[in-house]
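Computed from a predicted model, the values in this text were never measured in an experiment.
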Amino acid sequence: VTATAETGPLLLEALAMGIPVVTANKIPLAETPGWFEQARATSQHARTPFRYECTVGGSLPVISTLVDLMTTGDTIQHIVALPSSSLSCILGGFNRGLPLDAAIADAVQRGFAEPNPLTDIAGRDALRKIVILAKTMGLPTSIGDVDQEPLLDQNYPDFEVFQGDGMARLDARLTAARQPGMVTYYVGSASADGAVTLGLRGFPEASVWGTLEPSENIFLFSTSRFGDLPVVVRGIGGGPILTASGVLADVIKAAQGRI
């Protein structure tokens with residue numbers, strides 16, 4: 001579960017030796033070139049479980065739903081996702097009228113954001129998750145392939161520096177993006193044609209996006225089988241207890257031999 005690329009080679013070695021791997025660490029899957037593809041190929045060749053449900057959506061059945069759709073012959077046409085619980089909490093609070101600094105403090109206090117919230121606000125976590133979704137649906141996506149609209153206007157050395165002009169500029173940007181009758185979230189998408197995007201998007205308050213509670217994730221899978229109505233997975237998947245339960249579920253499935 002440690003957020004580092006250093007465990008990547010060890011995990012590949014374990015799979016090759018027939019040792020099941022369960023991970024919540026997004027970095028090798030999203031950022032190490034070729035790692036994800038090698039891990040899946042090794043898992044299939046060695047008939048050894050490789051489970052990574054908690055890398056996207058925490059305890060929500062996001063990866064398993066996507067894999068099940070594809071395994072049963074469905075074609076994934078398009079994915080739209082609000083993958084970051086922390087940004088959902090921050091932007092959800094902001095959509096409801098909280099000042100930005102208060103929305104960030106609330107996300108930290110509730111355990112949905114890192115102690116240094118810049119880790120989340122910079123969008124790196126959301127970026128990794130949309131890359132993992134794209135790779136899972138079979139796209140040859142690297143982290144540099146994503147058409148990302150950064151949330152921040154520049155790189156800040158620490159949160160204390162950001163709290164000055166950086167906070168004010170982000171607040172102004174989010175305020176300008178918010179339109180009457182709309183909610184704004186930081187949303188990723190992946191399409192069968194290879195296009196993968198991440199950025200601010202507005203949605204009508206009367207849509208499903210307007211019903212989200214702060215910290216909720218939502219994933220919409222548009223497929224050939226389900227036609228105009230996407231398959232929807234939504235809920236609160238993040239936070240220490242829920243994420244731990246998701247990891248435990250993967251451990252149990254790996255022990256049962258479920259690849």
Side-chain angles (χ1 to χ4, degrees), residues 3 5 25-37 52 55-58 62-63 66 76-92 94-95 100 103-104 107 112-114 116-159 161-162 166-167 169-179 182-203 209 212 217-222 237-238:
N25 177 13
K26 296 176 283 290
I27 294 177
L29 285 76
E31 300 200 25
T32 301
W35 192 95
F36 179 86
E37 292 77 9
Y52 57 98
T55 59
V56 182
V62 177
I63 297 298
L66 178 55
I76 308 300
Q77 299 169 333
H78 191 63
I79 298 173
V80 178
L82 173 58
S84 170
S85 296
S86 52
L87 286 178
S88 171
C89 193
I90 293 167
L91 295 178
F94 189 81
N95 285 329
L100 180 59
I104 293 172
F112 288 107
E114 299 291 333
N116 176 7
L118 279 179
T119 304
D120 302 296
I121 300 170
R124 193 71 180 182
D125 178 68
L127 177 61
R128 291 167 179 159
K129 290 174 179 176
I130 198 64
V131 168
I132 293 170
L133 285 173
K135 284 179 175 292
T136 300
M137 68 182 282
L139 299 179
T141 305
S142 68
I143 206 156
D145 296 329
V146 180
D147 182 8
Q148 182 185 14
E149 173 194 2
L151 269 179
L152 301 181
D153 60 328
Q154 65 184 66
N155 291 325
Y156 293 90
D158 55 49
F159 186 62
V161 173
F162 167 77
M167 180 81 77
R169 284 194 290 268
L170 180 56
D171 188 293
R173 181 184 175 196
L174 293 175
T175 300
R178 187 171 57 191
Q179 301 296 320
M182 305 284 284
V183 293
T184 304
Y185 285 106
Y186 198 58
V187 173
S189 69
S191 298
D193 63 5
V196 184
T197 68
L198 181 65
L200 282 176
R201 287 181 59 179
F203 301 92
W209 295 86
L212 294 176
N217 302 115
I218 186 168
F219 302 84
L220 297 94
F221 303 113
S222 297

Only counting residues at least two apart or in another chain, list the ones meeting side-chain hydrogen bond (donor to acceptor under 3.5 Å, both in side chains) with Arg124. Glu31
List in chain and number order the residues that pass side-chain contact (heavy atoms from CB on, under 4.5 Å) with Asn155, two or more places apart in sequence or in another chain; answer none if no residue qualifies. none
Are the side chain of Lys26 and the backbone N or O of Arg128 linked by a donor-acceptor pair below 3.5 Å? no
Hey, does the side chain of Lys135 reach the backbone of Thr141 with a donor-acceptor pair shorter than 3.5 angstrom? yes
Could you pull out the closest heavy-atom pair between Ser86 and Ala107, with the gap in Å? O-CB, 4.3 Å
For a 4.5 angstrom cut-off between non-hydrogen side-chain atoms, does Leu212 reach Val183? no
Of the non-hydrogen atoms in Leu152 and Arg173, which two are nearest, and what is the gap between them? N-NH1, 4.2 Å
Main chain of Asp171, side chain of Thr175: is a donor-acceptor contact present, judged purely on distance under 3.5 Å? yes
Using side-chain heavy atoms (C-beta onward) and a distance below 4.5 Å, is Asp125 in contact with Thr119? no
Gln148 (side chain) donor-acceptor with Asp145 (main chain) under 3.5 angstrom: no
Distance check, rounded to the nearest 0.5 Å: Ile90 atom CD1 versus Leu170 atom CG? 9.0 Å
Classify the side-chain pair Asp147/Thr197 by whether it contains a donor and acceptor separated by less than 3.5 Å. no
